[in-house]
Chemist: 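So that we are looking at the same thing, I have put the structure below in structure tokens.
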2 protein chains.
Amino acid sequence: MAMTKLSEHVLDQPQENSVELVPGLAHSAGFLINRSGRIIRERITAALEPLPLTPQELGILRILEARGPLSQHALSRVHSIDRTTMVHVIDGLEHREFVVRMRNTSDRRSHLVYLTPRGRKTLARAIKIAQKVQDEFLAPLSTEEWESMRLSLIKLLSHHRL
Amino acid sequence: MAMTKLSEHVLDQPQENSVELVPGLAHSAGFLINRSGRIIRERITAALEPLPLTPQELGILRILEARGPLSQHALSRVHSIDRTTMVHVIDGLEHREFVVRMRNTSDRRSHLVYLTPRGRKTLARAIKIAQKVQDEFLAPLSTEEWESMRLSLIKLLSHHRL
DNA sequence: TATTGTTATACTCTATAACTATA
DNA sequence: TATAGTTATAGAGTATAACAATA
């Protein structure tokens, strides 16, 4: 359980809310986005732990569901991690029987990664759990506020081609 | 230089833009926020490298400037990292003479961390550099769009007390 | 020659546990 | 007893370099 404990630190010292008291940080995109990202990532990590699945693995299962079987290298490009990192991630998923590697018959250098039925089932559960955490996290925003923020984030990602 | 290379991976394979092609991820707050956070963090990391300063260290210098001298433990609470991690961070900043530790005369267990003149000068340079990276990162958004997103992020952070 | 997957290795960031000095 | 700082250690996540198999 290598969860960080971002929440507990400050909860008992609410007067030290860094956003309110450090004006510069309240205007820093890097601070605001990364701090928010850390909070939701921690919560999703904790919520998915019993499956067990990490947020990163959830992302990979989602890509496989949407795009069908992919080679490890293609998967690592879509997911923006190094192919050497992907080896270990797929090792873990295969060990839990959420995916299987199969030789690509048309290019025997590559392995195609397939979702297993068990992987699909776990994916469905994980999506529900992540959705619930997300709803709680986004609770302070109106539907319109989140939709506006979501579209802005997609604009940023599209523009920077990632 | 242990920078990740999020940009380069996909730039030569633009058709594999994961946001556009994986519908589930385009609605995932965790994915969108963390991916955006990673991009801006990488860019600020690269831009601050010559100072040298990390984004995390920049945050600490900003807190010290806004709040005055703080103990390491107080600083670790405001910045939401463990006090044992803070030891190493302050070690690094002190080694570059951006801060100094001084015994707190009213509680001799604690060290107060002070910004040095050199630290202030570096902070000023770093803020300018980070601002430029931020402006480039936010370029696809209108002023109103970023302001709306900024207020939403602050709402999220305030609500979750971090 | 170039690419895919792999292994070995290392770096960064973070945490936990146990210690010392002080309260 | 409790807290501040420290040290030693470990884990997660990521990268680079070198290699074998295949194209």
Chemist: Could you tell me whether S110(A) contacts a base, only the sugar-phosphate backbone, or nothing, with contacts defined as non-hydrogen atoms closer than 4.0 Å?
Modeler: sugar-phosphate
Chemist: Reckon R101(B) has a side-chain N or O less than 4.0 Å from the OP1 or OP2 of dA4(D)?
Modeler: no
Chemist: Output the rounded distance in Å from CG (D82(B)) to C1' (dG11(D)).
Modeler: 14 Å
Chemist: In whole Å, what is the span from the CD1 atom of I81(B) to the P atom of dA15(C)?
Modeler: 7 Å
Chemist: Could you list all the ring pair (Phe, Tyr, Trp, His ring centres under 6.0 Å) pairs where at least one residue sits in residues 109-138 of chain A, not counting sequence neighbours?
Modeler: F137(A)-H160(B)
Chemist: Rounded to whole angstroms, how far apart are CG on D91(A) and P on dG13(D)?
Modeler: 14 Å
Chemist: Does a nitrogen or oxygen in the side chain of H111(B) sit under 4.0 Å from OP1 or OP2 of dG5(D)?
Modeler: no
Chemist: Could you tell me how far apart E57(B) (CD) and dT12(C) (C1') are, to the nearest whole angstrom?
Modeler: 12 Å
Chemist: Side chain of R38(A) only, please: which of dG13(D), dT14(C), dA4(D) is the nearest?
Modeler: dT14(C)
Chemist: In whole Å, I'd like the distance from the CZ atom of R41(A) to the C1' atom of dA15(C).
Modeler: 14 Å
Chemist: Just how far, in rounded Å, is C1' of dA4(D) from CG of L112(B)?
Modeler: 11 Å
Chemist: Taking the nucleotide of DNA chain D with the closest heavy atom to each, which residue, S71(B) or Q56(A), is nearer the 5' end?
Modeler: S71(B)
Chemist: Could you work out the complete set of other residues in the hydrophobic cluster of L151(A), with links drawn between I, L, V, M, F, W and Y side chains under 4.5 Å apart?
Modeler: none
Chemist: Could you work out, with salt bridge (Lys or Arg N to Asp or Glu O under 4.0 Å) as the rule, every residue matching E147(B), not counting sequence neighbours?
Modeler: R150(B)
Chemist: Is E136(B) paired with R43(B) through a side-chain N to carboxylate O contact shorter than 4.0 Å?
Modeler: no
Chemist: Any side-chain N or O of T85(A) below 4.0 angstrom from OP1/OP2 of dA15(D)?
Modeler: yes
Chemist: Please encode protein proximity along nucleotides 18-23 of chain D as a string of B, S and -, counting only heavy-atom distances under 4.0 Å.
Modeler: ----BS
Chemist: Salt-bridge test for D82(B) and R77(B): reply yes if a basic N is under 4.0 Å from a carboxylate O, no otherwise.
Modeler: no
Chemist: How would you list all residue pairs meeting side-chain hydrogen bond (donor to acceptor under 3.5 Å, both in side chains) that involve residues 122-133 of chain B, not counting sequence neighbours?
Modeler: Q131(B)-D135(B)
Chemist: From NE2 of H88(B) over to P of dC11(C), roughly how many Å is that when rounded to an integer?
Modeler: 16 Å
Chemist: Donor-acceptor pairs under 3.5 angstrom involving side-chain atoms of residues 54-63 of chain A: please list them, not counting sequence neighbours.
Modeler:
from   : atom 1 : to     : atom 2 : distance (Å)
T54(A) : OG1    : E57(A) : N      : 3.1
T54(A) : OG1    : E57(A) : OE1    : 3.4
E57(A) : OE1    : T54(A) : N      : 2.9
E57(A) : OE1    : R96(A) : NH1    : 3.0
E57(A) : OE1    : R96(A) : NH2    : 3.4
E57(A) : OE2    : R96(A) : NH2    : 2.5

Chemist: Between H73(B) (NE2) and dT20(C) (C1'), how many Å, whole number?
Modeler: 16 Å
